[in-house]
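Below is one structure; the comments refer to it alone.
These numbers come from the heavy atoms of this one structure, side chains and all, not from hydrogens, waters or symmetry mates. Proteins get letters first, then strands, A, B, ... in listed order; numbering begins at 1 in each.
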Amino acid sequence: MASITTSVGSFSLENPVILASGILDETSGSILRSLRSGAGAVVTKSIGISERKGYSTPVISEVGTGLLNAVGLSNPGIDNFVEEYKSFPEKKKTIVSIFGGNVEEFVTLAGRIEEIGFDKVELNLSCPHVKGVGSEVGQDLDMVEEIVSEIKNRTKLQVWAKLTPNVTDLIALAKASEKADAYTLINTLRATGVEIYSRKFVLSNTIGGYSGPGIKPVALRAVYDVYKETGKSIVGVGGITTWQDAIEFFLLGARAIQIGTALLYEDYSVYSKVNQGIKKYLDDEGFSKLEDIIGAMVAR
Amino acid sequence: MASITTSVGSFSLENPVILASGILDETSGSILRSLRSGAGAVVTKSIGISERKGYSTPVISEVGTGLLNAVGLSNPGIDNFVEEYKSFPEKKKTIVSIFGGNVEEFVTLAGRIEEIGFDKVELNLSCPHVKGVGSEVGQDLDMVEEIVSEIKNRTKLQVWAKLTPNVTDLIALAKASEKADAYTLINTLRATGVEIYSRKFVLSNTIGGYSGPGIKPVALRAVYDVYKETGKSIVGVGGITTWQDAIEFFLLGARAIQIGTALLYEDYSVYSKVNQGIKKYLDDEGFSKLEDIIGAMVAR
Amino acid sequence: MNHARVIDIVKENKDVFTLSFDFSIVAKPGQFLMVWVPGGKEIPMSLSHITSPPSITFRVFGETTKFLSGLRKGDRMYFRGPYGNSYPEPSGRIAYIAGGTGLASVYSMLSKYIGDVFVGARTKDDLFLLKKGFKIATDDGSAGFKGTVIDLFVPHVDDYDYVFVCGPEPMAKSLLDKIDRKTKTKIYFSLERLMKCGVGICDSCSVNGIRICKDGTIFSIEEVLKMNEFGVFKRSESGKIEFFAKNKR
Amino acid sequence: MNHARVIDIVKENKDVFTLSFDFSIVAKPGQFLMVWVPGGKEIPMSLSHITSPPSITFRVFGETTKFLSGLRKGDRMYFRGPYGNSYPEPSGRIAYIAGGTGLASVYSMLSKYIGDVFVGARTKDDLFLLKKGFKIATDDGSAGFKGTVIDLFVPHVDDYDYVFVCGPEPMAKSLLDKIDRKTKTKIYFSLERLMKCGVGICDSCSVNGIRICKDGTIFSIEEVLKMNEFGVFKRSESGKIEFFAKNKR
Ligand SMILES: Cc1cc2nc3c(=O)[nH]c(=O)nc-3n(C[C@H](O)[C@H](O)[C@H](O)COP(=O)(O)OP(=O)(O)OC[C@H]3O[C@@H](n4cnc5c(N)ncnc54)[C@H](O)[C@@H]3O)c2cc1C
Ligand SMILES: Cc1cc2nc3c(=O)[nH]c(=O)nc-3n(C[C@H](O)[C@H](O)[C@H](O)COP(=O)(O)OP(=O)(O)OC[C@H]3O[C@@H](n4cnc5c(N)ncnc54)[C@H](O)[C@@H]3O)c2cc1C
Ligand SMILES: Cc1cc2nc3c(=O)[nH]c(=O)nc-3n(C[C@H](O)[C@H](O)[C@H](O)COP(=O)(O)O)c2cc1C
Ligand SMILES: Cc1cc2nc3c(=O)[nH]c(=O)nc-3n(C[C@H](O)[C@H](O)[C@H](O)COP(=O)(O)O)c2cc1C
Ligand code: FES
Ligand code: FES
């Protein structure tokens, strides 16, 4: 059978299927469950400096082509996170997602998680529905550059920069964060939804992030654009539900993929289904390892 | 029965369902067929200064959540267009879509179509897959502003500015084109698609525009954002397939809607289906006219 | 998002209401809805009847349940679901143990599977949906047994083949603590936690990696015993751990 | 996008090939595929057999058909479809009139509905898929009747109840011009135009607002007669009007 190990920066993974930030990764118990169910790694829900309740319900709404969400970066704050995760057994397979409103917050958060033994961080530069953080920070090229460099300078963490697709010039953003060890592409698209009989928005926050199958064509394009331009390690995310979807991302340059909304459709079996499918594809198509198809469609 | 007449700028429509640019509107025969099938108006395929063959096939590819296309602005050029349309009988119900690489081209095209008796133009500032025109022009705030003002100054045409959603700041773009009589929101999302057994792109041009149900949440958000900020006439487009979809756009401020990809799913019956549904909704919900629900969900 | 018309709303006691609505729902006993108040919140709510017309039974607790209590015949009511698994099919002698609005959930079983119903409430005035033969416990003794419904029930556990429990987590925990764990009686719990999504993706309801909304809400006693967080701490809306009063470590 | 494996590829004459492939297709006679050469173009191609295994029969014309002619057993072949309507079910005496590769399209009818086949080609060497009894016309007279297949057929029109025609637009136009329009014979045409999408949305194949790909490809003579653009002009890839040589206004 073909090998499906991969690497992202200096991180080696047994398999390329990673749980995306924000879906079933708030509690340590659920993170362990994903790893036991076959995820190659897990990204935590994004953690900030202080506790946030997030938006009131409804925080999600299913649409025919995916999911709208505005959870609102609910998180217990870094102190409580450290308390819950300081003796967490699977730190090497866990990438901690952090968000902040400025360089200092990002650096503080990164320092705190390094202290308790994590070695990888994903920078949420892209949540599209919370004021003052996420994509609002993630659109500011200077700030993005400084956040990434400062964390690289001041910690030994592997840094994944998760970029927003809601921009005119994704390449400029990728270049601003080029000191990162990898790019995670993409976060959700800014979107909204309407209920026509009550004439109200389906999310309490009005605006939310759109994920699931409907965003895959945009995510593929983002991975292609950035891989073609930079050749760097990319973690592909956005609408991946089946192993076929995963293969598409690998062919365009992703070295690993993340799965979020598909948990809604496939539940915890999604990891093994996708991994089995990838193996079978590689075998059937005569490839001995995943590496052989990564970026295969992109002339660089 | 509730009235479904509407107006966009000074243009009065018998019904609010318009054929979007680029779908079954290259030939005059097909435009007439849409009008006879119940479209309130029709936008032509985008016309440029010179003849363009467009990209070679494949120019479309169906995905589960919509359609990818890179037709490549194939068009016979303005001279041939004028030849075919100079004695076209339905000029008042036809909005001519034009694209160009600079202010002068836009102004020339606008002048030519005004000369032969059209009175409305839609500016394609947003096609995402052709170099030097479409969204490449449409992202340049100064150029957008100049194109719109020059056409307004030099012609009597009603101008609809069709904006690209593939930008960081749609509001800035809307403000740059505020001299337009209406905004058309949105054009397709930049996207791509992969065939995993041949390991080739599904479009000959690699990058294409994504339309259909999968882009509706993004289109709704764009309409909401721009309507809330500007209060201007908006023509909503993006993923509208059913009358329910249309109602969502009206509630967020669209005064009319355009339908493109839905022709693939519903064929020419889409106009009457959507119009009937809108009427029934208005009746059932106790509204006497479409106007009553336009923008009803947006506090301004 | 589904919507239905309210058929009837009945005031069961000072603050508990049963709202029936016009919708041909396909639900199993023990399932719940996410009920939405347009412009307001969305909350989890058990179906108290799953036969036509379906209904929910709720205590006015905060703004959302208050709003629901004000709905009138013909008004629209919005929900998604039903969600969650369901009570397993019982046989032999059956007992239902309900604390507070937990009665709503087990009520969906009663029309199909007759059994003894043990109901607990703070006072007589908090009781609702009572039927002849229900065994009652109140904290203040204003009706029935004085004490908790668990204390009332525990001595009788071996009289039953199947027991279904729904009520606040501390009540369920107290049953776990007081019961002889070697009993042959099959005991199932319908659990409640803060639920934001209801469909198993937000993690707000998870206990030891088990999602109450999707893996549950109904679990066997063996499953619950494996959850070492159960009855010990819950999560606030931020995901922060909050210990139950008596179990603070 | 579907893909199949090539079962066999047969050279029918100097430049015509029949490619059969392994796919359980559900198609009606007269339907076509959009055949894709990965990395290259996608072209419309009639199914010459719709029974298992399905096949296409094509003349090497440009780069795409050239590529297809080079496929070998076991190679992958990509397509979408089948698309288009189909020939109506005939009864009585049937004639098929095929010009050039138009024979591929009517061939899908032959196994089910026996009839007289009139085939036209430039020369003897351009003929393919011939069977005993086919009535042949060649422009140069190198085989059969010297002249067009239309001239060969027209005198016999009243001998038939159903006639199915597939070939280049000028050929079909010539039939329209030469036939007695009062004939009781039911005549159907399978039309060909430049096709970019094949599914009825790009407008590149439209004639008087009728899409050959989706409203057709098969039309009755009455429908064709209503198309006043038919046989007069076609559209280039840009959408520009290009008059057929003889009909320039
Ligand atoms: C699976 C399930 C079934 C339920 N069934 C019933 C029922 O049949 N009848 C009934 O009266 N109550 C039931 N509840 C409890 C009910 O959801 C809460 O009482 C309700 O959310 C209170 O909302 P409120 O807006 O009136 O109060 P507020 O105080 O305004 O708001 C409470 C907020 O916190 C959350 N919340 C508060 N309490 C709970 C809780 N116990 N569980 C989950 N979320 C909570 C809600 O999401 C809500 O947003 C059930 C809870 C769950 C989890
Ligand atoms: C419905 C339909 C069914 C057809 N069935 C057959 C068949 O069974 N056998 C066969 O040999 N030929 C058939 N043709 C014609 C065939 O599609 C062209 O011969 C083929 O496209 C030539 O492609 P090429 O790349 O080899 O030539 P090139 O010259 O490289 O390219 C021709 C290009 O123009 C277009 N094109 C050229 N000619 C035609 C045409 N006549 N119709 C539509 N598009 C064209 C194609 O889209 C292609 O992109 C059919 C055409 C249509 C519309
Ligand atoms: C409910 C939900 C919550 C999310 N929360 C976060 C988050 O906290 N941080 C983050 O970086 N991305 C978050 N995301 C985005 C996902 O990580 C992912 O980028 C996006 O959903 C696209 O992937 P998918 O289509 O596989 O879901 C969230 C997505 C969803 C659906
Ligand atoms: C095949 C195709 C061709 C298109 N061509 C044009 C065009 O020439 N000019 C333009 O402004 N928009 C063009 N569009 C975009 C549509 O007008 C519309 O904005 C978009 O498809 C979203 O609407 P829909 O989801 O209803 O299709 C095209 C879309 C498709 C699918
Ligand atoms: S409520 Fe979201 S996972 Fe259970
Ligand atoms: S080929 Fe596109 S409409 Fe016929």
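Heavy-atom distances place both the backbone and the side chain of B:Leu24 under 4.5 Å from chain D. At a 4.5 Å heavy-atom cutoff, B:Glu83 makes no contact with chain D through either its backbone or its side chain. Only the side chain of B:Glu84 comes within less than 4.5 Å of a heavy atom in chain D; its backbone stays farther off. The parts of D:Arg211 that come within reach of chain B are both its backbone and its side chain, each placing non-hydrogen atoms under 4.5 angstrom from that chain. Contacts of B:Asn69 with chain D are absent, with no heavy-atom separation under 4.5 Å from either backbone or side chain. Contact annotation for B:Phe201: only backbone heavy atoms (N, CA, C, O) come within less than 4.5 Å of a heavy atom of chain D. With a 4.5 angstrom heavy-atom cutoff, D:Ile241 touches chain B only via side-chain atoms. For B:Leu73, no part lies near chain D; criterion is any non-hydrogen pair under 4.5 Å. In this structure, the portion of B:Tyr268 lying under 4.5 Å from any heavy atom of chain D is its side chain and not its backbone. Heavy-atom distances place both the backbone and the side chain of D:Cys197 under 4.5 Å from chain B.
Environment of NZ in D:Lys112: sparse, with no more than 12 heavy atoms of neighbouring residues, nucleotides or ligands closer than 6.0 Å. Other residues, nucleotides and ligands contribute only 12 or fewer heavy atoms inside 6.0 Å of the CD atom of B:Glu14. Surrounding CD of D:Glu242 are more than 12 heavy atoms belonging to other residues, nucleotides or ligands, all under 6.0 Å away. Heavy-atom contacts from other residues, nucleotides or ligands closer than 6.0 Å to CZ of D:Arg122 number 12 or fewer. Heavy atoms from other residues, nucleotides or ligands lying under 6.0 Å from NZ of B:Lys92 number more than 12. Atom NZ of D:Lys14 has more than 12 heavy atoms from other residues, nucleotides or ligands within 6.0 Å. Heavy-atom contacts from other residues, nucleotides or ligands closer than 6.0 Å to NZ of B:Lys91 number more than 12.
For the residue pair D:Gly209 and B:Arg33, the shortest heavy atom distance occurs at O-NH1, 2.8 Å. Of all heavy-atom pairs between B:Thr57 and D:Met195, the closest is CG2-O, 4.4 Å.
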Q | Check against side-chain contact (heavy atoms from CB on, under 4.5 Å), B:Glu51 and D:Ser236 | A | CA-CA 10 Å; B:Glu51 182 178 358; D:Ser236 73; 3.7 Å; yes
Q: Starting from the C-alpha separation in whole Å, work towards a yes-or-no answer on side-chain contact (heavy atoms from CB on, under 4.5 Å) for D:Asn208 and B:Leu32.
A: CA-CA 9 Å; D:Asn208 290 100; B:Leu32 291 173; over 6 Å; no
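Put simply, the side chain of B:Ile60 reaches to within 4.5 Å of the side chain of D:Val199, judged on heavy atoms. By the 4.5 Å heavy-atom criterion applied to side chains, D:Lys41 and B:Val59 are not counted as neighbours.
Separating the CG atom in B:Leu264 from the SG atom in D:Cys202 is a distance of 11.0 Å, to the nearest 0.5 Å. Interatomic distance, D:Lys214 NZ to B:Asp267 CG, rounded to the nearest 0.5 Å: 4.0 Å. Interatomic distance, D:Glu42 CD to B:Ser61 OG, rounded to the nearest 0.5 Å: 8.0 Å. To the nearest 0.5 Å, atom CD of residue D:Glu237 and atom CZ of residue B:Arg52 are 12.0 Å apart.
Listed for the D:Ser238 side chain is no donor-acceptor partner under 3.5 Å among the backbone atoms of B:Lys53. In this structure, B:Tyr197 contributes its side chain and D:Arg76 its backbone to no donor-acceptor pair below 3.5 Å.
Look at D:Lys240 and B:Asp79 and you find no salt bridge, because none of the NZ, NE, NH1 or NH2 atoms lies under 4.0 Å from a carboxylate O. A salt bridge does not link D:Asp203 to B:Lys45: none of the charged side-chain nitrogens sits closer than 4.0 Å to a carboxylate oxygen.
Checked options B:Lys200, B:Glu195, B:Glu62; the residue passing with D:Met1 is B:Glu195 (criterion: side chain to side chain contact (heavy atoms under 4.5 Å, CB included)).
The greatest number of non-hydrogen atom pairs below 4.5 Å with chain D, out of B:Gly72, B:Ser198, B:Ser74, B:Gly29, is found for B:Ser198.
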